[in-house]
Amino acid sequence: MNFPFFIARRYLFSKKSTHAINIISGISVIGVAVATMALVVTLSVFNGFHDLVATFFTSFDPQLKVSPVEGKSVAADDPILTQIRQLPQVEVATECVEDQALAVYNGRQAMVTVKGVDDNFNQLTHINKILIGDGDFCLHAADMDYGILGIRLAELLSTGFSFDYPLQIYAPRREGQFDLTDPSDAFEMENLYSPGVLFNVKQAKYDKNYIITSIAFARRIFDQQGMLSSLELRLKPGSNFEAVKSEIKKYCGDRFVVRDRFEQQDDTFKIMKIEKLIAYIFLTFILMVACFNIIGSLSMLIIDKKEDVVTLRNLGASDKQIVRVFLFEGRMISAIGAVLGIVIGLLLCWAQQRFGLVGLGSSSGSFVINAYPVSVHPEDIILIFITVLVVGFLSVWYPVRYFAKRLLA
């Protein structure tokens, strides 16, 4: 066995001549463990919110979205898009035309985003899971076009689940001349009818702004015949997602951009990642403060073991080996605290997942969940363990060498 490690282990677990040293060593382990536990729990809660928000967008956003780099639209029969549709891994491909318009209903009005899609949109996404009302997913019937509103937009316009009157959609004319004495002549106007359902993504970005309708309606009102804003894709089960995405990017070159669900909501998830990073940095500073207890414990241990140092030197131990004894002592305290903190943190996360111990307080019942969500990611646990060891090792390196050299002198 490594000689310095053997002596350090004996020092850590044996009784000291001064009982306070044992107490301070125990406090050092507890301090590191608590800081480690806080890192595990906090990062897991951030992961929980991240995964929860991702499930909301899954019901509305496609797996992959291909859109032009320049301009709002591109020809639907573009050779590159045709080639992408024919990939064997693609199960569902939906053309989409999306733009801004004005919605008017019974004297109320709101700026909206009209999203025109193919009839297979319910196969592309999990839209059926977030529909509420007595109707079904339907975009058109005979010569009528249906519009499915977000629940908060329906509240803003006071439409209810089913319209009593047609919903009027106004969009600016893109071409031709219009009568300056009649401002309404500058707009295209079309009516939408209700299929008896609304969608509820539980995200204001969609629920307050979006109307889903047929692509024929969107092309007509936005004068985009034969065009599309994006091609949205769903892959076959078992497909290698990253490999297919890379292949599609090669086809697209610099003409089209390919985004997965997280990249489609880049702003939202980027903010969450920054918040998680800031929490990690702050808790690491707390961990550094906790490691000062280790320095105090080792300083008292070095003073307590003056006679042992003389004995070790007489037995042939070099000064370097004696310094390593106390370095190992500090590292063992850090390692034990890290393992203990991770175990306790994981147990707390499991209890929160199973029993929802910590609720959302007075806001409980107002959200889609009643308790803080928790999701443990293995890479975070590895990062935390490495962080604790590195911070612990660095915090004891200089003080131990300084005190040990003075003792050896």
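Start at 1 with the first residue, then count along the sequence.
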With a 3.5 Å distance limit and no angle check, can you tell me whether [X] reaches the backbone of [Y] through a side-chain donor-acceptor pair?
{"X": "Glu263", "Y": "Asp260", "answer": "yes"}
{"X": "Glu95", "Y": "Leu228", "answer": "no"}
{"X": "Tyr105", "Y": "Asp164", "answer": "yes"}
{"X": "Asp207", "Y": "Val201", "answer": "yes"}
{"X": "Glu232", "Y": "Lys65", "answer": "no"}
{"X": "Arg219", "Y": "Val97", "answer": "no"}
{"X": "Ser194", "Y": "Phe161", "answer": "yes"}
{"X": "Gln109", "Y": "Leu102", "answer": "no"}
{"X": "Gln353", "Y": "Val374", "answer": "yes"}

With a 4.5 Å heavy-atom cut-off, do [X] and [Y] have their side chains touching?
{"X": "Leu167", "Y": "Leu157", "value": "yes"}
{"X": "Gln265", "Y": "Asp61", "value": "yes"}
{"X": "Thr82", "Y": "Gln86", "value": "yes"}
{"X": "Leu131", "Y": "Asn128", "value": "yes"}
{"X": "Phe217", "Y": "Glu190", "value": "yes"}
{"X": "Tyr206", "Y": "Phe199", "value": "yes"}

Kindly give the heavy-atom pair with the smallest separation between [X] and [Y], and that separation in Å.
{"X": "Lys202", "Y": "Phe56", "answer": "CD-CE2, 3.9 Å"}
{"X": "Cys349", "Y": "Val376", "answer": "CB-CG2, 3.8 Å"}
{"X": "Ile212", "Y": "Val117", "answer": "CG2-CG2, 3.8 Å"}
{"X": "Cys291", "Y": "Gly392", "answer": "SG-CA, 3.9 Å"}
{"X": "Val258", "Y": "Cys252", "answer": "CG2-SG, 3.7 Å"}

Sub-6.0 Å ring centroid separation between Phe60 and Tyr210: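 Ring-ring flag for Phe60/Tyr210: true, centres closer than 6.0 Å.
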His50 ring center within less than 6.0 Å of Phe262 ring center: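 Between Phe262 and His50, the centre distance is under 6.0 Å.
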Pairwise distance OG1(Thr36) to CD1(Ile336) - rounded to 0.5 angstrom: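 Answer rounded to 0.5 Å: 12.5 Å.
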Would you kindly say whether [X] and [Y] are connected by a side-chain donor-acceptor distance under 3.5 Å?
{"X": "Arg259", "Y": "Ser67", "value": "yes"}
{"X": "Lys72", "Y": "Gln224", "value": "no"}
{"X": "Ser214", "Y": "Asp145", "value": "yes"}
{"X": "Thr94", "Y": "Asp118", "value": "no"}

Kindly check if the number of other-residue, nucleotide or ligand heavy atoms within 6.0 Å of [atom1] ([X]) is above 12?
{"X": "Phe292", "atom1": "CZ", "value": "no"}
{"X": "Glu155", "atom1": "CD", "value": "no"}
{"X": "Met189", "atom1": "CE", "value": "yes"}
{"X": "Asp134", "atom1": "CG", "value": "no"}
{"X": "Glu379", "atom1": "CD", "value": "yes"}

Pair Asp380 + Lys276, salt bridge at N-O below 4.0 Å: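 Lys276 and Asp380: salt-bridged.
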